[in-house]
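The structure under discussion appears below in the form of structure tokens.
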Amino acid sequence: MDDSKLKSDPNTRFYDPYQGIQVPIPVRNVYQLPTAPQFLFDEEARRSRRNISDSLTFYTGCGYVVGAIGGGASGLVAGVKSFEPGDTSKLRVSRVLNSSGHAGRAWGNRLGIIGLIYAGMESGAMALRDVDDVWNSVAAGLGTGAVYRAARGVRSAAVAGAFGGVLVGAAVTAKQALKRYVPI
């Protein structure tokens with residue numbers, strides 16, 4: 001490809017994998033990359049939201065990471081509280097690591113499952129209603145809380161569903177307020 005064609009296309013940018021290396025390399029090793037996202041189908045390009053597989057991966061992964069960090073911090077505190085006066089430093093480190101690892105795994109798994117259920121509920125609500133709005137998220141929060149606590153009884157499921165709906169409603173409202181009032 002000649003240099004005049006490379007410079008004339010506004011939808012591309014130049015990429016030099018050897019940038020920063022002090023060895024002189026010919027200009028033909030500079031690659032032309034598109035600036036727009038690439039999609040296999042036109043329907044994917046027209047969507048403004050994640051598809052179901054992206055949502056499942058995102059919410060499950062974020063839930064697990066946040067849960068693991070929070071559980072690790074909780075386990076750290078519990079491990080430090082379990083110190084005894086005659087413990088060696090090796091034993092103290094072992095207690096903290098064991099406590100942090102156990103709590104981090106448990107919390108990570110719980111929040112990962114909640115993220116998985118939420119992503120499925122939200123995608124199902126969007127597919128069912130064929131509309132992409134805030135109510136899908138609120139309904140997914142209601143459903144997630146109810147499904148997550150369903151094994152503990154109807155009352156517990158209803159309370160958890162209401163809590164999930166209110167929590168997601170507050171999060172969506174806060175996100176919209178941030179977009180509107182905080183210039184980023």
Side-chain angles (χ1 to χ4, degrees), residues 37-40 44 47-128 132-184:
Q38 295 179 354
F39 296 100
L40 187 58
E44 292 176 345
R47 277 195 194 131
S48 63
R49 287 185 56 108
R50 296 182 195 100
N51 59 17
I52 186 169
S53 62
D54 292 343
S55 292
L56 286 171
T57 304
F58 178 75
Y59 288 125
T60 305
C62 287
Y64 185 82
V65 168
V66 168
I69 291 170
S74 169
L76 176 79
V77 171
V80 169
K81 284 182 179 179
S82 69
F83 287 170
E84 295 178 4
D87 287 348
T88 63
S89 61
K90 197 174 190 180
L91 185 57
R92 288 180 179 187
V93 168
S94 179
R95 283 181 193 226
V96 166
L97 289 176
N98 287 337
S99 181
S100 296
H102 178 72
R105 275 191 313 273
W107 285 31
N109 287 337
R110 284 184 196 124
L111 287 182
I113 291 296
I114 289 171
L116 182 72
I117 295 170
Y118 177 79
M121 293 276 183
E122 186 181 40
S123 297
M126 198 167 17
L128 185 67
D132 184 18
D133 61 0
V134 174
W135 296 110
N136 291 338
S137 300
V138 173
L142 283 165
T144 299
V147 167
Y148 186 72
R149 290 292 185 170
R152 293 190 180 191
V154 176
R155 182 171 184 235
S156 180
V159 170
F163 179 75
V166 168
L167 186 67
V168 170
V172 168
T173 303
K175 181 181 176 183
Q176 289 177 348
L178 275 174
K179 280 183 177 181
R180 185 173 184 180
Y181 297 114
V182 178
I184 295 178

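Heavy-atom basis, side chains included; hydrogens, waters and symmetry copies ignored.
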- [ ] Verify side chain to side chain contact (heavy atoms under 4.5 Å, CB included) between Arg92 and Val96, making sure each step is shown before the conclusion.
- [x] CA-CA 6 Å; Arg92 288 180 179 187; Val96 166; 5.7 Å; no
Open item on the list: Do Tyr64 and Asn109 have side chains that approach each other closer than 4.5 Å (heavy atoms only, starting at C-beta)?
Closed with: yes
Open item on the list: Testing the basics here: between Gly71 and Trp107, what is the closest heavy-atom pair and its distance to 0.1 Å?
Closed with: N-CE3, 3.2 Å
Task: Within residues 133-149 or reaching into it, pairs that qualify as side-chain hydrogen bond (donor to acceptor under 3.5 Å, both in side chains) - sequence neighbours excluded - done: Glu122-Ser137, Arg129-Asp133, Arg129-Asn136
Task: Verdict with reasoning, Leu116 to Tyr59, per side chain to side chain contact (heavy atoms under 4.5 Å, CB included) - done: CA-CA 6 Å; Leu116 182 72; Tyr59 288 125; over 6 Å; no
Open item on the list: I'd like to know if the side chain of Ser123 reaches the main chain of Ala119, judged simply by a donor and an acceptor atom lying under 3.5 Å from each other, with no hydrogens or angles considered.
Closed with: yes
Open item on the list: Minimum heavy-atom separation for Gly72 and Ser100, please, with both atom names.
Closed with: O-OG, 3.3 Å
- [ ] Starting at OG1 of Thr57, measure out to CD1 of Ile52 and round the result to the nearest 0.5 Å.
- [x] 10.5 Å
Task: Gap separating the CG atom of Leu167 from the CG atom of Leu142, nearest 0.5 angstrom - done: 11.0 Å
Task: Heavy-atom closest contact (Ser82 atom, Gly79 atom, distance) - done: OG-O, 2.8 Å
TODO: Output the distance between atom CD1 (Ile117) and atom CG (Leu56), rounded to the nearest 0.5 Å.
DONE: 11.5 Å
- [ ] Determine yes or no for a side-chain-to-main-chain donor-acceptor pair under 3.5 angstrom, with Ser94 supplying the side chain and Lys90 the backbone.
- [x] no
